[in-house]
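Worksheet for the structure shown next.
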Amino acid sequence: MAYLLSDHQYGKAESRMVRIYRDTARHEIRDLNVTTALRGDFAEAYLSGSQAAVLPTDTQKNTAFSYTKEKGVATIEQYGLELARHFVSEIEPVSGARIEIEEFLWERAVIDGVEHDHTWLRKGQEVRTAAITVDATGEYVIAGLKDLIILKSTGSEFAGFLVDGYTTLPETHDRVMATALDVKWRYAAADGGDVVGGVDWDGIYASAKAIMVKEFATLQSLALQQTLWHMGTAVLDAHPEIVEIKLKAPNKHHFDYDIARFGVEQKGEVFHADDRPYGLIEATIAREDAPAAHDAWKFSAGLA
Ligand SMILES: O=c1[nH]c(=O)c2[nH]c(=O)[nH]c2[nH]1
């Protein structure tokens, strides 16, 4: 029997690193979880066990740490691009590099009404993400967020659905809608083009998040599916730099709790917040003329 080794990549997953900028009394913090994956012809490492072409995952990790100082982390997108380019251009057998980054956000502690110089509190649960791929077909940046937990207590309906012999769900025109948003958007980049200088990574991140929160809040939602469509298309409307967006939203069900049993009136006020099972609603929305994604969505460990 002959076997063919096809897809393979290897790297260091989830290096947790904290970079402090302390050049002035007012420090800055970047709190990251970085995953590197190298692509190329590393077949011999699998087939014969030769490590001659293998840049150890330990070295990849070291480079990732050192680059937070050498290149800085102005944004995770810029840092990821620098790191990916390094592996592809400096390390001979590497034809493609995938860098996945999660950024944990901190906000300054406020002491007696004044922002503190070197103490922070973790900001909510939201995690900012970036996945950078550099290979022979070009440079690709996917940015996004995950674990953005959001809830509205009205303005959400679910009715008129298909009914069969197993359907027990009652229709509703007023329900709680809650989810933990996981959204990733792909930036346009001419194949091989340099996108570092031109894109306002921080500004677009803040804007995309604000747009999605606004759509979630203001749409009279007929289903989570419709809410996702509105969030995604609103981001694409506002940002021509973005060509494709993937949204994933667990429907965190809130069921009316039966307090009538206790003689207490229930008017959509008391819920059982169930954690599982949950509906899982997903959508990918792209511009009709979006440039090819090639391997931009091919993940390694950090960002499925
Ligand atoms: O927004 C929703 N979409 C569904 O597909 C669905 N299915 C379900 O049982 N509840 C909901 N809610």
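Whatever order the structure lists ligands and atoms in, that order sets their numbers, starting from 1.
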Plane angle bin for W201 and Y187 - parallel if under 30°, tilted between 30 and 60°, otherwise perpendicular: perpendicular
Side-chain H-bond candidate by donor/acceptor type, E44 with S50, under 3.5 Å: no
Closest protein heavy atom (residue, atom, distance) for atom 5 (O) of ligand 1: Q225 NE2, 2.9 Å
Residue and atom name of the nearest protein heavy atom (relative to atom 9 (O) of ligand 1), distance in Å to one decimal: L169 CD2, 3.5 Å
Between Y46 and H8: side-chain donor-acceptor atoms closer than 3.5 Å: no
Numbered atoms of ligand 1 (with element) below 4.0 Å of A223, judged on heavy atoms: 1 (O)
Distance-only donor-acceptor check, side chains E14 and N33, under 3.5 Å: yes
Within-shell test, E157 vs ligand 1, heavy atom, strictly < 4.0 Å: no
Polar proximity ligand 1 side, L224 side, N/O cut 3.5 Å exclusive: yes
For atom 12 (N) of ligand 1, the protein heavy atom that lies nearest, with its residue and separation: R175 NH1, 3.1 Å
Protein residue, atom and distance nearest to atom 6 (C) of ligand 1, heavy-atom basis: F158 CZ, 3.2 Å
Flag for D174-T154: side-chain donor and acceptor within less than 3.5 Å: yes
Any donor-acceptor N or O pair under 3.5 Å, side chains T167, D164: yes
